[in-house]
Amino acid sequence: MLEKEYYPQQIEKKWYETWDKTNPYKALDKSDKPKYYALSMLPYPSGKLHMGHVRNYTITDVIARFKRAQGFNVLHPIGWDSFGLPAENAAIQHGANPKEWTLSNISYMKRQLKMLGLSIDWDREITTCLEDYYKWTQWLFLQLYKKGLAYKKTAPVNWCEKCATVLANEQVIEGKCWRCDSEVTKKNLSQWFFRITDYCEELLKDLDLLTGWGDNVKTMQKNWIGKSTGAILKFKVAEIEGLEIPVYTTRPDTVYGVTYLVVAPEYKDIEKLTLPQNQKEVENYRLNAKKLSEIERLSTTRTKTGVPLGTHIINPFTGKKCPIWTADYALVDYGTGAVMAVPYHDERDFDFAKKYNLEMIQVIDGVDFEKDKVYTNKEGTLVNSGEFNGIKAKDAIEKITQYAVDKGFGEFKTQFRLRDWLISRQRYWGAPIPIVYCPNCGEVAVPEEDLPVKLPEDVDFSVQGKSPIETSPTFKYTTCPKCGAKATRDVDTMDTFVCSSWYYMRYCDAKNDKECFNREIINGWMPVDQYVGGIEHAILHLLYARFFTKALRDLGLLNFDEPFKNLLTQGMVLKDGAKMSKSKGNTVDPDEIYQNFGADTARLFILSDSPPARDFDWTDAGVEGCYKFICRIYRLYSKFQDRIKLNYNFDIKSLSQKDENLVRETHIAIKKITNDIEQEFQFNTVISRYREFVNAIYEYIKDEKTINYEVLSFVLLTLIKLLSPVLVFVSEEIYSQFNPEKSIHEEPWPKFDENLAKTSMITLVIQVNGKIKDKIEAAQDLSKEDLEKLALDSSKVKQALEGKNIVKTIVIPNRLVNIVVK
RNA sequence: GCCCUGGUGGUGGAAUCGGUAGACACGUCGGACUUAAAAUCCGAUGAGGCUAAUAACUUCGUGCCAGUUCAAGUCUGGCCCAGGGCACCA
């Protein structure tokens with residue numbers, strides 16, 4: 001028996017405990033059904049679930065349940081991205097072991113996830129900080145290493161003093177650490193890199209394959225990869241025999257306008273290029289550039305500065321001698337570190353030349369060229385450019401480069417902005433890099449059979465300035481796997497982005513202890529059909545995961561090119577117009593919502609007000625409104641529970657108009673809800689449809705004497721199935737009253753009849769000169785002639801037409817008639 | 001500066017193809033039920049004009065300005081604003 005009123009706590013407890021025992025959403029590796037892989041970004045176990053998680057996992061869960069009901073074999077897993085700095089920092093502050101701290105967070109959050117009613121296959125849960133996972137992260141590292149995709153080099157790296165760690169370029173935001181927001185400085189260290197730049201071209205090109213991704217994300221990735229095409233041109237130094245400065249340029253067409261050349265303050269040959277009388281000034285400038293770089297980066301109104309070196313280059317096209325300067329607007333790690341300056345046709349060069357009174361030569365002319373203004377337009381034609389005069393700038397790019405190639409002082413060049421991925425971290429809480437340094441053999445890979453290289457437990461977390469891992473007496477010192485000599489381990493751990501670059505593959509074969517995943521199984525499940533997560537991962541995580549997929553494909557471990565077919569980037573959860581955060585004190589604890597309203601209310605509300613991609617504003621009134629709506633639904637079933645039967649039976653032709661209308665409303669609801677989920681996952685409108693449908697049912701039952709219980713059974717059993725992906729607990733509770741044999745979640749998705757999924761009558765809108773004059777009820781699918789006749793019959797229309805000539809009449813079937821008059 | 005996304009009532013947001021702008025809610029107001037309140041149910045609700053208030057009628061309204069069209073939130077061109085991303089990338 002259903003209670004008279006809705007008590008979510010009782011209902012949810014009962015089903016949550018049942019599902020916890022039976023794990024009813026096991027995904028089968030072998031099935032006759034088509035596969036569907038629904039994936040949420042794996043959570044970092046920070047302590048408690050927040051509303052962003054609730055939104056993310058509810059969206060994915062509804063998709064998973066919908067697809068399951070539609071007959072797909074659905075994989076819907078979850079796991080824990082559980083390595084990383086916060087665990088280590090928090091552990092230090094709380095005096096606990098990072099592992100214990102992390103695992104206790106996981107168990108707390110796991111309980112919260114289960115209470116949310118997610119249809120997850122819990123047998124596939126993974127935890128990246130446990131040996132059975134990071135063993136395979138290390139194994140994958142070794143495969144990349146063998147393929148030459150992991151390599152070590154000394155490089156100036158971004159160093160965060162506070163975190164005592166190296167940061168990837170991607171983790172430096174406006175010169176500050178992405179996590180703690182403190183200043184980042186440079187430091188030279190020997191580091192491991194992944195050769196992601198080998199895949200620049202493919203990572204860029206394959207964005208076109210990702211038709212299920214938003215343009216915003218694709219554009220961000222495109223800009224990040226930053227392809228540009230141009231040329232390398234070599235300039236001889238006038239004062240030093242045999243020395244050349246190559247420059248990279250996208251505008252070789254402007255080479256006749258070069259009036260000076262700039263090298264970065266850190267340029268390798270800068271000392272050679274500096275004349276003795278300029279030495280002091282240059283030295284000062286370079287020191288300043290180094291010191292200022294951090295502060296300067298923050299200034300938005302930076303004016304360009306620089307000093308001349310005293311030497312000159314000779315333009316091979318013109319023979320012209322031009323001074324060499326150093327200036328910090330040239331970047332040492334982009335292109336060649338040197339720039340050919342063409343003041344009239346480049347904004348930066350223009351500003352710089354104005355400031356230092358350097359020569360300007362116009363080499364491109366167009367209608368809108370103005371003296372004393374920079375002209376970067378490529379539409380113009382070349383002037384003052386010797387034999388190239390009169391050629392369009394666009395064509396000159398190739399012609400001039402070809403000329404340089406032929407003469408031996410240039411080449412075509414494609415340049416990317418993307419750098420190799422620095423993965424070493426001087427931290428404890430990560431997967432150790434499986435490399436040993438032997439005095440005899442050098443750098444030696446740990447043999448695969450010796451994996452995992454376990455994280456030591458005997459460490460001192462209170463040390464500063466170096467990784468706690470180095471304080472372990474047992475970890476660092478080992479023997480060489482090749483020659484047996486005394487050797488040391490690499491004490492660095494891997495960036496957590498490495499762990500999260502392949503986790504979605506491990507889900508496919510999570511329990512495999514022989515290999516990281518079975519090739520057949522993973523090829524069966526992958527690629528992910530729908531990936532759901534925050535826009536903040538648009539660049540880093542998604543780019544790294546794409547790189548991993550391509551690299552593992554080339555290693556022969558899998559046979560697909562892209563990991564994520566469709567991507568849904570969900571918006572943030574706000575409260576009172578601001579992002580929910582602990583510091584603002586405007587967070588909402590899921591447990592509190594479960595307690596007061598139940599998880600079904602939380603699920604319903606988080607989907608209701610905004611489309612998934614937009615930001616969502618959490619309001620207490622909204623939560624209550626959703627709770628009341630569930631009460632309204634529950635009362636409906638409670639009231640009619642004795643009259644609802646599974647084996648209803650009626651003939652549409654013999655129904656009263658009222659009954660027929662409700663049957664039509666039901667088919668309309670199925671159609672619209674199905675479409676709204678399938679297209680774009682518009683859950684906010686799905687929920688509006690629910691409400692419209694429930695309103696129609698209430699309208700129907702107003703007069704109890706006329707209720708047809710066969711029809712009502714059909715309608716209410718359809719409604720409960722439509723609600724079931726969202727209201728997972730209450731729908732199960734209600735349905736179990738009518739069918740104790742089967743879960744609502746195993747029932748197939750309702751089908752609609754196209755002929756019944758429309759109202760019997762339509763509202764015909766009649767306009768005269770585009771202004772609405774009348775609205776009349778008409779039958780569906782009348783001919784154009786009939787509609788026109790109906791329109792002309794309207795007395796209001798007749799009145800409006802009086803004394804006027806009809807020029808033409810436009811008829812849109814089932815919608816409107818527009819009569820144009822003079 | 002460049003790139004992406006968006007701009008619709010008091011609020012969140014609807015609106016296949018260009019075809020009734022404001023679905024569905026929240027809020028507000030009014031009514032029923034109740035000794036009373038809560039809950040529930042029913043109704044009104046873009047702004048203005050004309051009416052004694054109503055019904056009817058009518059004007060204006062989807063960031064701004066122009067255009068295409070019988071018809072524009074939707075298409076085209078130009079601008080403004082907000083949010084996010086990148087930022088001296090040669």
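Chain A is the first sequence line, chain B the second, and so forth, proteins listed ahead of strands; every chain is numbered from 1.
At the heavy-atom level, A:Lys771 lies under 4.0 Å from the strands shown only through sugar-phosphate atoms. Residue A:Arg635 is in sugar-phosphate contact alone, with no base atom involved, counting any heavy-atom pair closer than 4.0 Å across all strands shown. Counting non-hydrogen atoms under 4.0 angstrom, A:Ala330 reaches a base of the nucleic acid. Note on A:Asn818: a base of the nucleic acid sits closer than 4.0 angstrom, heavy atoms only. Using a 4.0 Å heavy-atom cutoff across all strands shown, A:Gln682 reaches sugar-phosphate atoms only and no base atom. Residue contacts for A:Asn695: at a heavy-atom cut-off of 4.0 Å it reaches the sugar-phosphate backbone alone, with no base atom in range. At a threshold of 4.0 angstrom between heavy atoms, the contacts of A:Val820 are confined to the sugar-phosphate backbone, with no base atom among them. Across all strands, A:Gln415 comes closer than 4.0 Å to no nucleic acid atom at all (heavy-atom distances). Using a 4.0 Å heavy-atom cutoff across all strands shown, A:Arg417 reaches at least one base atom of the nucleic acid.
For the P atoms, the distance linking B:rG13 with B:rG6 amounts to 13 Å, nearest Å.
Out of B:rG13, B:rC41, B:rU58, the shortest distance to the side chain of A:Tyr698 is found at B:rC41. With distances taken from any side-chain atom of A:Glu692 to the nucleotides B:rC88, B:rC24, B:rC70, the minimum falls on B:rC24. Considering only the side chain of A:Thr685, B:rA15 comes nearest among B:rC88, B:rC70, B:rA15. With distances taken from any side-chain atom of A:Asp215 to the nucleotides B:rU20, B:rA90, B:rC4, the minimum falls on B:rC4. In this structure, the nucleotide among B:rC26, B:rA90, B:rA23 sitting nearest to the side chain of A:Leu331 is B:rA90.
Interface remark: the A:Thr249 side chain does not form any donor-acceptor pair with the B:rA90 base, using a distance-only criterion of under 3.5 Å. Taking 3.5 Å as the limit, the base of B:rC88 and the side chain of A:Lys304 contain a donor-acceptor pair of atoms between them.
Between A:Ile772 atom CD1 and B:rA21 atom C1' there is a gap of 9 Å when expressed in whole angstrom units.
Taking the side chain as every heavy atom from C-beta outward, A:Ile59 and A:Leu568 approach each other to under 4.5 Å.
Scanning for salt bridge (Lys or Arg N to Asp or Glu O under 4.0 Å) contacts around A:Glu201 gives A:Lys227, with sequence neighbours left out.
In this structure, B:rG9 is classed as syn because its glycosidic torsion stays within 90° of zero.
Taking the ring centroids of A:Tyr690 and A:Phe629, they lie at or beyond the 6.0 Å cut-off.
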| field | Criterion ring pair (Phe, Tyr, Trp, His ring centres under 6.0 Å) on A:Phe597 and A:Tyr6, from CA distance to verdict | value | CA-CA 10 Å; A:Phe597 303 99; A:Tyr6 170 55; over 10 Å; no
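If you check the side chains of A:Asn684 and A:Asp609, you find no donor sitting under 3.5 Å from an acceptor.
A salt bridge does not link A:Asp349 with A:Arg251: every distance from a Lys NZ or Arg NE/NH1/NH2 to an Asp or Glu carboxylate oxygen is 4.0 Å or more.
Among the duplex regions that RNA chain B forms, those built from at least three successive Watson-Crick or G-U pairs under 3.5 Å are B:1-7 with B:80-86, B:10-12 with B:24-26, B:27-32 with B:40-45, B:46-49 with B:57-60, B:63-67 with B:75-79, ordered by first number.
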